[in-house]
Amino acid sequence: SNHVSLASHVADEARHAAIFRRLLVEHGFSEAEAPQHGANYEYAYAFPECEPGSKHELIWRLLIMCTVLEALAIDKLPVEIATRDAVGPADFARALDYIAADELFHTENGLRLTRQLCAKYDLDPMLERELAHGRFFGRQRKIRAEYLAADPERAAREIAILEAPDPDGLTFESRTEVELRRRASFTDAECEQVNRWGYNPLSLQQAE
């Protein structure tokens with residue numbers, strides 16, 4: 001059952017890649033000319049806290065990829081879809097609509113597997129997710145800080161662009177999609193965990 005669910009998960013990812021490759025070609029872009037990076041996979045593969053090849057390492061890989069990154073897609077994709085509905089291209093919006101449904105399954109799959117493994121090896125999934133999250137994003141923040149320090153003028157220009165108002169005048173913001181996350185089997189405590197990480201602005205109700 002676990003092997004079948006993972007195989008289905010992998011097949012979904014291959015289909016997503018094929019969809020966006022086709023859309024890029026249809027819009028006149030060549031993937032060969034686009035910058036490529038594999039940072040998410042590189043930093044989610046091995047951790048100094050986990051023995052190489054151990055079940056602990058496997059748990060952290062699943063926690064990061066499925067219950068952190070793919071779960072953040074649940075929160076961020078509605079904004080991406082709304083933006084493309086407003087300014088185009090509409091076919092990208094529909095593709096994102098399509099894959100958003102898969103992200104619920106992918107996240108639920110990761111939650112189920114990590115809960116099973118944590119129960120088997122006497123680990124707390126909430127704590128393990130917190131630790132894995134800190135290690136994963138701590139690495140990326142360190143590299144980003146080194147990049148910014150290497151060229152302060154470039155850093156100032158980039159930060160100014162990021163902090164400027166949206167050039168299209170859009171005001172969409174992500175939020176922690178609690179109801180969608182519940183459908184993917186997140187608990188309320190796990191939704192609060194992502195709120196503490198600060199990736200999404202808190203609504204007035206959440207702030208209270």
Side-chain angles (χ1 to χ4, degrees), residues 2-3 5-77 79-81 83-84 89 92 95-96 98-114 117 125 128-151 154-155 158-159 161-162 174 184 194 197-200:
N2 287 344
H3 289 131
S5 66
L6 283 171
S8 179
H9 191 149
V10 170
D12 286 348
E13 299 294 0
R15 187 172 65 258
H16 296 173
I19 288 169
F20 285 106
R21 284 196 181 104
R22 186 186 72 248
L23 286 172
L24 285 171
V25 170
E26 291 175 355
H27 284 269
F29 295 96
S30 169
E31 187 181 7
E33 299 169 358
Q36 307 277 340
H37 75 85
N40 282 351
Y41 298 98
E42 178 183 351
Y43 299 137
Y45 189 76
F47 310 88
E49 294 84 353
C50 303
E51 181 182 347
S54 65
K55 291 296 188 295
H56 199 191
E57 183 182 68
L58 172 61
I59 290 167
W60 276 34
R61 289 177 185 173
L62 291 168
L63 283 168
I64 285 295
M65 294 305 299
C66 300
T67 79
V68 174
L69 296 180
E70 294 198 276
L72 283 173
I74 293 173
D75 300 336
K76 301 298 183 180
L77 280 174
V79 175
E80 296 292 332
I81 293 164
T83 299
R84 281 154 183 78
F92 271 84
L96 292 168
Y98 177 82
I99 72 167
D102 287 341
E103 299 300 342
L104 296 177
F105 159 64
H106 297 173
T107 303
E108 188 277 333
N109 198 32
L111 287 166
R112 180 175 53 80
L113 290 170
T114 51
L117 288 166
E128 296 301 316
R129 184 181 300 108
E130 195 73 43
L131 295 171
H133 171 270
R135 169 60 67 184
F136 178 83
F137 284 104
R139 284 170 166 170
Q140 298 204 27
R141 278 192 290 270
K142 180 176 182 293
I143 290 172
R144 178 64 176 167
E146 292 170 354
Y147 169 81
L148 295 175
D151 190 337
R154 177 189 62 197
E158 291 185 0
I159 291 169
I161 291 169
L162 290 172
S174 64
V194 75
W197 294 338
Y199 295 112
N200 301 307

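Each residue takes its place number in the sequence, starting with 1. Only a predicted model underlies this, so the values are computations on that prediction, with no experimental measurement involved.
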**Q** Looking only at non-hydrogen atoms, find the nearest pair between Glu57 and Pro52 and report the distance.
**A** OE2-CA, 3.6 Å
**Q** Can you name the side chain to side chain contact (heavy atoms under 4.5 Å, CB included) partners of Thr107, sequence neighbours left out?
**A** Glu70, Ala71, Ile74, Leu111, Ala184, Phe186
**Q** Salt-bridge test for Glu158 and Arg144: reply yes if a basic N is under 4.0 Å from a carboxylate O, no otherwise.
**A**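 Answer for the salt bridge query: yes.
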**Q** Test of understanding: with side chain to side chain donor-acceptor pair (under 3.5 Å), list the residues that count as partners of Glu51, not counting sequence neighbours.
**A** none
**Q** Could you pull out the closest heavy-atom pair between Ile64 and Ala44, with the gap in Å?
**A**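 Reported closest heavy-atom pair: CG2-CB, 3.8 Å.
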**Q** Carefully, step by step, assess Val68 and Val194 under the rule side chain to side chain contact (heavy atoms under 4.5 Å, CB included).
**A** CA-CA 8 Å; Val68 174; Val194 75; over 6 Å; no
**Q** Side chain to side chain donor-acceptor pair (under 3.5 Å) with Ser5: which residues, sequence neighbours excluded?
**A**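 So Ser5 forms a side chain to side chain donor-acceptor pair (under 3.5 Å) with Asn109, Arg112.
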**Q** Kindly write out the residues that satisfy side chain to side chain contact (heavy atoms under 4.5 Å, CB included) with Gln140, not counting sequence neighbours, or none if the list is empty.
**A** Asn40, Tyr43, Phe136
**Q** Does His3, at its NE2 atom, have more than 12 non-hydrogen atoms belonging to other residues, nucleotides or ligands within less than 6.0 Å?
**A** no
**Q** Going from CD1 on Ile19 to CZ on Arg21, what distance comes out if it is rounded to the nearest 0.5 angstrom?
**A**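 Result: 11.5 Å between the selected atoms.
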**Q** With sequence neighbours excluded, what pairs up with Glu80 under the salt bridge (charged side-chain N to carboxylate O under 4.0 Å, His left out) test?
**A**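 Glu80 satisfies salt bridge (charged side-chain N to carboxylate O under 4.0 Å, His left out) with Arg84 once adjacent residues are dropped.
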**Q** For the CG atom of Leu58 and the CG atom of Leu117, what is their distance to the nearest 0.5 Å?
**A** 5.5 Å
**Q** The test is side chain to side chain contact (heavy atoms under 4.5 Å, CB included); show your working for Thr67 and Leu62 and say whether it passes.
**A** CA-CA 7 Å; Thr67 79; Leu62 291 168; over 6 Å; no
**Q** Would you say Glu49 and His56 are linked by a side-chain donor-acceptor pair, where the criterion is simply a distance under 3.5 Å?
**A**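 No, because no side-chain N or O of His56 sits under 3.5 Å from a partner of the opposite role on Glu49.
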**Q** Once you round to the nearest 0.5 Å, how far does CG of Leu148 lie from CD1 of Ile159?
**A**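 Those atoms lie 5.5 Å apart.
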**Q** Which residues satisfy the ring-ring contact (aromatic ring centres under 6.0 Å, His included) test with His133, sequence neighbours excluded?
**A** Phe137, Trp197, Tyr199
**Q** Would you check if the side chain of Thr114 reaches a backbone N or O of Gly110 as a donor-acceptor pair within less than 3.5 Å?
**A** yes
**Q** What orientation do Tyr98 and His16 show, parallel under 30°, tilted 30 to 60°, or perpendicular over 60°?
**A** perpendicular
**Q** With no hydrogens and no angle check, is any side-chain donor or acceptor of Glu108 less than 3.5 Å from a backbone partner on Leu104?
**A** no
**Q** Please identify each residue that fulfils ring-ring contact (aromatic ring centres under 6.0 Å, His included) with Phe105, with sequence neighbours left out.
**A**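 Expected list: none.
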**Q** Go through the structure and list residues passing salt bridge (charged side-chain N to carboxylate O under 4.0 Å, His left out) with Arg15, not counting sequence neighbours.
**A**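 Salt bridge (charged side-chain N to carboxylate O under 4.0 Å, His left out) list for Arg15, sorted by chain: Asp12, Asp102.
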**Q** Can you check side chain to side chain contact (heavy atoms under 4.5 Å, CB included) on Lys55 and Trp60, steps first, answer last?
**A** CA-CA 9 Å; Lys55 291 296 188 295; Trp60 276 34; over 6 Å; no
**Q** Tell me, with the steps shown, if Glu13 and His106 meet side chain to side chain contact (heavy atoms under 4.5 Å, CB included).
**A** CA-CA 10 Å; Glu13 299 294 0; His106 297 173; 3.3 Å; yes
**Q** Listed by chain and number, what are the salt bridge (charged side-chain N to carboxylate O under 4.0 Å, His left out) partners of Glu130, not counting sequence neighbours?
**A**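 Glu130 satisfies salt bridge (charged side-chain N to carboxylate O under 4.0 Å, His left out) with no other residue.
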**Q** Using 0.5 Å steps for rounding, measure from the CG atom of Asp75 to the CD atom of Glu103.
**A**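 The distance works out to 11.5 Å.
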**Q** Using the test salt bridge (charged side-chain N to carboxylate O under 4.0 Å, His left out), find all partners of Arg154 that sit at least two apart in sequence or belong to another chain.
**A**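 Partners of Arg154 by the salt bridge (charged side-chain N to carboxylate O under 4.0 Å, His left out) criterion come out as none, since no residue qualifies.
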**Q** Could you pull out the closest heavy-atom pair between Arg129 and Leu63, with the gap in Å?
**A**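 Residues Arg129 and Leu63, closest heavy atoms: N-CD1, 3.8 Å.
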**Q** Could you work out, with side chain to side chain contact (heavy atoms under 4.5 Å, CB included) as the rule, every residue matching Phe20, not counting sequence neighbours?
**A**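 If we apply the side chain to side chain contact (heavy atoms under 4.5 Å, CB included) test to Phe20, skipping adjacent residues, the hits are Leu23, Phe92, Ala95, Leu96, Ile99.
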**Q** With sequence neighbours excluded, what pairs up with Tyr45 under the side chain to side chain contact (heavy atoms under 4.5 Å, CB included) test?
**A** Arg61
